[in-house]
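First up is the structure itself, then whatever we jot down about it.
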Amino acid sequence: LISFAFCNYTLTPVQAMANAAARIAAGDLSQRVEANSRDEIGVLAMTFNHMTTSLDHMTQAQQQRLAELSALHAIGLVASSTLDMEQLIDSVLEAVVQHLGYDRAKLFLVDAHQQALVHGRVAGAPEDIDAQLRTMHIPNSDPVAEVLETLDPATHSFSYSIAKMPMPMTDFVGWAK
């Protein structure tokens with residue numbers, strides 16, 4: 001009777017882990033096992049759950065990278081489809097919005113001769129904002145240009161507001177989700 005209880009105490013969690021491992025192998029990374037004890041079986045269960053969580057995070061990161069690479073490929077195809085600068089800018093901005101899942105994407109060209117940001121464009125915003133951007137001329141001495149030059153693109157959004165600007169900077173540069 002004691003050996004039956006011991007075997008049941010030991011084998012039940014191991015069987016649960018084996019079943020969960022089979023479901024994980026089939027692609028269900030939401031599987032977890034109960035870790036009710038602090039002995040070796042409990043430590044094994046906690047380690048199993050930690051491993052599954054890590055695998056889930058790595059799989060999600062890999063899927064995100066694959067989606068981004070696929071989007072960049074699609075954007076590259078759009079970029080190589082024309083030599084017309086206006087069409088190229090509009091097409092690439094639209095592709096960025098569509099394939100990377102952003103609400104909008106903005107772009108200014110740098111005019112080294114005028115030392116200014118010029119010919120602003122936006123995808124995913126009202127046409128009146130796009131029309132304003134097309135006529136803007138932002139000198140490099142303007143705070144907006146300074147912010148643009150020092151901005152870390154890894155943040156993927158802007159929350160700056162410049163007093164000289166007629167509206168928040170988020171309406172003019174960058175990309176936002």
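Quick caveat, the model's predicted, so the values are computed rather than measured. Residue indices begin at 1 and follow the sequence shown.
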Quick one: side-chain contact (heavy atoms from CB on, under 4.5 Å) partners of [X], sequence neighbours excluded?
X     : answer
Ala71 : His99, Leu100
Ser81 : none
Asp84 : Thr82, Glu86, Gln87
Leu44 : Met17

Side-chain touch Lys106/Arg121, heavy atoms, less than 4.5 angstrom: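 A side-chain contact is absent here, since even the closest heavy-atom pair is not under 4.5 Å.
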Decide if atom NE2 of His73 counts as having more than 12 heavy atoms of other residues, nucleotides or ligands within a radius under 6.0 Å.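 12 or below, so no.
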Filter on side chain to side chain donor-acceptor pair (under 3.5 Å), then keep only pairs touching residues 40-53, sequence neighbours left out; what's left?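 For residues 40-53, and leaving out neighbouring residues, the side chain to side chain donor-acceptor pair (under 3.5 Å) pairs sorted by first residue read Arg32-Thr53.
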If hydrophobic clusters are built by linking Ile, Leu, Val, Met, Phe, Trp and Tyr wherever their side-chain heavy atoms come under 4.5 Å apart, do [X] and [Y] end up in the same one?
X     : Y      : answer
Ile75 : Leu109 : yes
Met51 : Leu55  : yes
Val33 : Leu29  : yes

Testing Gln62, Glu68, Gln60 for side-chain hydrogen bond (donor to acceptor under 3.5 Å, both in side chains) with Gln64, which one passes?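 Passing option: Glu68.
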Test applied, side-chain contact (heavy atoms from CB on, under 4.5 Å); reference residue, Leu107; option that passes from Val92, Val122, Leu133, Ile89: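 Testing each of Val92, Val122, Leu133, Ile89 against Leu107, the sole residue satisfying side-chain contact (heavy atoms from CB on, under 4.5 Å) is Ile89.
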Could I get the full list of side chain to side chain donor-acceptor pair (under 3.5 Å) partners for Glu94, not counting sequence neighbours?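 Residues passing side chain to side chain donor-acceptor pair (under 3.5 Å) with Glu94: none at all.
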Do NZ/NE/NH1/NH2 and the carboxylate oxygens of Asp90 and Arg134 come within less than 4.0 Å?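 Yes, charged N to carboxylate O under 4.0 Å.
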